[in-house]
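Have a look at the structure below, then the notes.
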Amino acid sequence: VIGIPVADAGSDRVLDGKQDAVLDGTGSTQGAGWMYLWSTPGNSAIADPTLISTVTTPEGLENVFTLTVSYDGLPGCENSDEVVIKINYT
């Protein structure tokens with residue numbers, strides 16, 4: 001029986017200046033058949049949004065990234081979590 005997965009997008013954080021950031025979803029449910037999708041409403045590019053961990057270059061002062069974890073072919077078997085990455089330019 002496949003249950004609702006754990007989605008863990010990692011801890012919110014602050015970066016000093018514009019730089020790449022790792023989106024780390026390794027605290028999420030893993031194994032055969034699980035699928036991952038990172039998304040953001042902003043303009044930040046995500047290197048490969050289908051990997052459990054990937055790289056982004058945040059574009060705004062406050063960037064929200066959502067990780068959705070789902071099981072291949074099972075409707076409703078998904079969960080999401082958000083991480084906020086802020087940029088400090090001081």
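In this text, all values refer to a predicted model and were calculated from it rather than measured experimentally. As a basis for the values below, the full set of heavy atoms in this structure was taken, side chains included, without hydrogen atoms, waters or symmetry mates.
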Any non-hydrogen side-chain atom of [X] less than 4.5 Å from a side-chain atom of [Y]?
{"X": "I46", "Y": "T40", "answer": "yes"}
{"X": "L67", "Y": "Y36", "answer": "yes"}
{"X": "C77", "Y": "S70", "answer": "no"}
{"X": "T57", "Y": "K18", "answer": "yes"}
{"X": "R13", "Y": "V83", "answer": "yes"}
{"X": "Q30", "Y": "I52", "answer": "yes"}
{"X": "L23", "Y": "I85", "answer": "yes"}

- [ ] Kindly work out whether a path of hydrophobic side-chain contacts (I/L/V/M/F/W/Y, heavy atoms less than 4.5 Å apart) joins V69 to I4.
- [x] no
Open item on the list: In this structure, would V84 and V14 fall into the same cluster of hydrophobic residues linked by side-chain contacts under 4.5 Å?
Closed with: no
Open item on the list: If I compare all heavy atoms of S53 with all of T26, which pair ends up nearest, and what's the gap?
Closed with: OG-CG2, 3.4 Å
Task: Shortest non-hydrogen contact from N63 toward P58 - done: ND2-CB, 3.4 Å
TODO: Could you give me the CA-CA distance, side-chain angles and deciding distance for D48 and T54, then say whether side chain to side chain donor-acceptor pair (under 3.5 Å) is met?
DONE: CA-CA 6 Å; D48 185 342; T54 189; 5.9 Å; no
Task: From NZ (K86) to CG (L15), nearest 0.5 Å - done: 12.0 Å
Task: Distance, nearest 0.5 Å, that separates CG of L74 from CE of M35 - done: 10.0 Å
Polar side-chain atom of [X] near backbone of [Y] as donor-acceptor pair, under 3.5 Å:
{"X": "T50", "Y": "L37", "answer": "no"}
{"X": "T66", "Y": "D81", "answer": "no"}
{"X": "T68", "Y": "S80", "answer": "no"}
{"X": "T56", "Y": "A21", "answer": "no"}
{"X": "Q19", "Y": "D16", "answer": "yes"}
{"X": "N79", "Y": "P5", "answer": "yes"}

Task: Stepwise ring-ring contact (aromatic ring centres under 6.0 Å, His included) test for F65 and W38 - done: CA-CA 7 Å; F65 296 91; W38 288 96; 7.2 Å; no
TODO: For N43, look at atom CG and say whether over 12 heavy atoms of other residues, nucleotides or ligands are found less than 6.0 Å away.
DONE: no
